[in-house]
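A short worksheet on the structure shown next.
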Amino acid sequence: MPTRAKVEMAAYGASAATLAVVPSMDLPAAHAAAAAISGGSLWWLYRKTKTRDFARTIKSAQRLLGPVTAGAVYATCAAVPGRPWWETALALGWGGLMTAALPITRSTWTPPNDTPTAYPAGFTGLVMRLWDDAEVAPETWLENIEQLLSPAHPDFTADIVAPVGKPVPRIDPVTAAAAFGVPTDSVTVTDIPHTGPGRMRLTVTPTRRSHGQSIEDVWAQKVARPGGAIPGSHIVEVRQYPAQGDIPARGMILAAVEPGEVARVSHGQLCSAFGVEPEELRLVAESRGREVLVTLYESAPLKASRRATRDLLTLDAYGRYTIGTAHDGSDAKVSMQSAAGTLHGFLVGVTGSGKTVTLALMCAAWALAGLANWVTSARPDAQMSAVGRHVDRQGSGALFTWWMLKTALALMDIRGEMNTEAGHDFSAHSPYPGLVLVLDEFNSLVNDPAFGDDIAEWTDILAREGRKFGIGIVFAGQSLNLTKLGGNASLREQVQGGIGVVLRISGGIAARQATGGLAGDAELAEIPDRFNASMTLLDRMNGTASTVPGDPTQGVGHTVTGSDATMMRCLHVHLPKDGSPDGLGEIFPASGAINTLTDREIDALTALGLWHDWTTPPPSDTDDSPAPIPAPSSPAESIATFTPPPVHTKPKKTTVKDQILAVVTREMTAKEIRAAVDATPGTVRNALSDLLATGKLTQVDHGLYAPAPTPATLTPGPDTD
């Protein structure tokens with residue numbers, strides 16, 4: 001039995017005992033108290049009848065039944081002299097009767113219903129039951145209950161429905177908020193278009209606190225407005241998906257701008273509009289022309305990495321291999337070759353971003369496709385040395401790179417002779433394998449004082465002409481600066497169409513600046529060091545300390561093709577830094593064979609003195625003696641039609657600064673200078689800053705430049721010694 005019922009039964013028992021004894025006693029104070037209680041109850045009931053609210057009058061009568069009848073029993077016993085036996089029986093009978101009528105004397109009592117209300121399972125049934133139990137609006141019920149964000153978020157909308165012919169009564173937001181245990185300002189009740197007052201829209205948004213606005217209203221006010229995250233856009237479709245495996249629950253919004261326009265996305269503003277921090281990596285925006293797909297996850301979707309296998313790194317029917325897992329759980333694929341047939345590409349990522357592991361995956365994919373690999377880096381590295389055991393050539397330093405590129409240039413001429421003889425096009429069906437040159441830490445290599453200029457020049461030639469001879473170049477580094485390659489737009493277009501992977505780059509640096517323009521205009525979300533590693537300003541203000549670091553983001557980045565980008569996490573392969581056993585044998589060809597050039601090509605390079613370990617110093621400019629050419633071991637191995645490649649005369653390099661100084665002969669704006677100089681806007685801007693700092697240009701006004709004044713020449717006078 002409930003505690004409240006026990007207390008009420010005890011009170012009725014005590015009242016019955018009082019009625020059996022006190023009325024026959026000469027106690028004027030007790031008589032006055034009994035008269036006041038009984039008379040006050042009757043007066044209160046009379047006042048209720050004047051309100052003409054029958055329901056409330058009945059409830060009051062139920063509650064006052066005990067005091068009113070007790071007053072009648074008390075008056076009867078007090079009016080009769082003495083204490084006859086029936087007074088005790090009357091008092092005890094009243095107590096038993098009130099105990100039996102205990103449910104009726106409660107103000108909340110309603111007639112029992114033998115059929116319990118059946119609610120649907122899950123979130124819908126819970127909302128309906130909470131609404132009915134709280135009696136926010138009696139006789140109404142909820143329909144069309146729909147969660148707004150995800151199954152894990154309590155935000156929902158529902159229709160409040162009244163009986164036929166009756167309107168929905170006025171809903172107090174405080175009462176409705178109490179029913180669901182949410183803040184008052186997260187509850188709104190609005191009209192439903194094209195319906196009458198018998199149906200209203202209830203919106204409860206404790207998470208989003210959108211004050212009842214629809215997603216379309218929020219989008220228009222915070223995203224599509226001028227200066228917003230995606231100006232001029234409108235929602236096309238909204239979908240929700242539950243959690244599946246490692247992929248958290250997510251909501252997806254497909255939006256578009258007007259035909260003839262191109263969608264421009266500001267990732268930071270978009271995160272702000274949806275109330276998430278960019279460091280959480282929960283929001284992903286992908287743009288394709290005039291359309292944008294925005295995905296908001298319940299939690300970061302890329303925390304789990306997938307193990308690399310030969311099957312994933314083997315080319316599919318479309319010439320693609322899997323480099324990682326996209327944010328939505330699908331395979332993140334990259335093409336081995338661009339549409340133009342080049343093997344070029346780029347990989348950018350700071351130390352600790354997973355760049356070396358990604359390079360190992362690329363080399364394994366090339367090896368599985370039958371391509372030969374030459375890999376160089378600025379400095380020796382234990383991880384790259386491990387990769388070197390599975391590729392044709394691997395080394396480090398500017399000297400090794402100088403010989404590697406010089407050999408690749410000679411190979412172009414050798415293959416040109418072969419093409420003249422047999423008509424090979426060096427495609428995938430050619431008996432001569434494709435060759436990929438990997439230039440890791442490219443910025444350091446081209447800035448080497450002894451070999452940097454040659455490395456830059458030869459890289460430029462190979463990037464422009466290598467496609468015709470089955471030779472590709474992949475640039476890699478913490479950032480790429482293609483200024484020494486001339487920054488030519490055609491070169492960027494050739495490299496953009498191939499493999500492009502951008503991992504975590506330096507904080508705050510634009511993707512275009514980090515990739516030397518190779519990522520085009522793609523809007524890339526910045527990758528933090530760790531998932532959820534940042535502390536909110538409110539936590540900092542409250543002095544909350546976070547002692548648990550977030551999970552590392554190694555391998556998280558974007559695959560880039562032209563202006564398209566997809567957030568993904570690269571496959572994982574065990575690649576230790578201390579030279580201990582690695583997992584590379586599980587992804588390179590199972591036979592252990594290493595793809596190399598053909599014997600004919602190697603013999604021709606040997607004859608030119610280029611096929612050695614590439615660590616010997618180059619011949620001196622004063623040494624006129626030609627390199628010795630070993631005789632072929634048999635006539636079959638000779639190359640009768642081969643002639644040595646022509647000597648490439650290095651042209652005088654024209655830097656961006658030289659171009660600017662040649663152009664600025666008068667006062668010119670920055671826009672005019674950028675139009676006249678063949679370089680990216682960021683490169684021109686940096687060069688202008690350097691020229692101002694060295695005094696070679698002057699800044700007349702903001703954005704207005706002029707040649708530096710020529711200092712006057714002092715002519716000695718006749719008295720000068």
Side-chain angles (χ1 to χ4, degrees), residues 344 346 348 398 401-402 405-406 409 439 442-466 473 475 477 479-496 509-521 621 646-715:
H344 302 325
F346 62 94
V348 182
T401 306
W402 188 90
L405 296 175
K406 186 177 181 66
L409 283 176
L439 303 176
F442 179 71
N443 288 356
S444 298
L445 294 172
V446 297
N447 287 321
D448 183 81
F451 303 103
D453 288 344
D454 286 340
I455 291 174
E457 177 188 353
W458 295 344
T459 301
D460 191 7
I461 295 173
L462 288 165
R464 296 177 190 278
E465 303 177 16
I473 290 184
F475 300 95
S479 64
L480 299 179
N481 184 356
L482 304 184
T483 303
K484 283 204 170 186
L485 301 185
N488 189 280
S490 62
L491 172 61
R492 291 196 300 273
E493 290 172 358
Q494 293 180 50
V495 180
Q496 281 176 359
I509 188 171
R512 184 174 179 85
Q513 181 180 355
T515 62
L518 296 181
D521 296 327
D621 293 338
V647 178
H648 295 281
T649 303
K650 181 172 68 175
K652 185 179 183 301
K653 299 291 291 184
T654 301
T655 66
V656 176
K657 295 179 182 178
D658 294 334
Q659 295 182 53
I660 293 175
L661 291 175
V663 167
V664 182
T665 58
R666 55 179 176 82
E667 290 187 1
M668 297 179 66
T669 64
K671 182 177 180 180
E672 293 174 332
I673 298 173
R674 287 196 299 267
V677 175
D678 182 17
T680 62
T683 303
V684 174
R685 182 170 57 253
N686 295 336
L688 286 172
S689 299
D690 293 342
L691 292 173
L692 289 175
T694 56
K696 296 181 179 180
L697 285 181
T698 60
Q699 189 169 12
V700 180
D701 198 355
H702 180 70
L704 185 63
Y705 301 87
T710 304
T713 303
L714 298 177
T715 304

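Only a predicted model underlies this, so the values are computations on that prediction, with no experimental measurement involved.
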Next item on the list: Using the test side-chain contact (heavy atoms from CB on, under 4.5 Å), find all partners of A670 that sit at least two apart in sequence or belong to another chain.
Entry: R674, Y705
Margin query: Taking side-chain contact (heavy atoms from CB on, under 4.5 Å) as the definition, give me every residue that meets it alongside A675, ordered by chain and number, with sequence neighbours left out.
Written below: none
Do you know the tightest heavy-atom contact between [X] and [Y]?
X: H344; Y: L462; result: CE1-O, 4.0 Å
X: P707; Y: T665; result: CG-C, 3.6 Å
X: E667; Y: L704; result: OE1-CD2, 3.7 Å
X: G695; Y: A708; result: O-CB, 3.1 Å
X: V663; Y: A676; result: CG1-CB, 3.8 Å

Next item on the list: Apply the side-chain contact (heavy atoms from CB on, under 4.5 Å) test between L688 and each candidate in V664, I673, V656; give the one that qualifies.
Entry: I673
How many angstroms lie between [atom1] in [X] and [atom2] in [Y], if you round to the nearest 0.5 Å?
X: N447; Y: I455; atom1: CG; atom2: CD1; answer: 10.0 Å
X: L439; Y: L480; atom1: CG; atom2: CG; answer: 10.0 Å
X: D460; Y: L405; atom1: CG; atom2: CG; answer: 11.5 Å
X: I461; Y: I473; atom1: CD1; atom2: CD1; answer: 10.0 Å
X: L691; Y: T698; atom1: CG; atom2: OG1; answer: 11.0 Å

Next item on the list: Hey, can you tell me if W458 and W402 have their rings parallel, tilted or perpendicular (30° and 60° cut-offs)?
Entry: tilted
Margin query: Pair L697, I660 - check side chain to side chain contact (heavy atoms under 4.5 Å, CB included), show working.
Written below: CA-CA 10 Å; L697 285 181; I660 293 175; 3.9 Å; yes
Notebook entry, point to check: Under the side chain to side chain contact (heavy atoms under 4.5 Å, CB included) criterion, do T459 and V446 qualify, and how do the steps go?
Noted result: CA-CA 9 Å; T459 301; V446 297; 5.6 Å; no
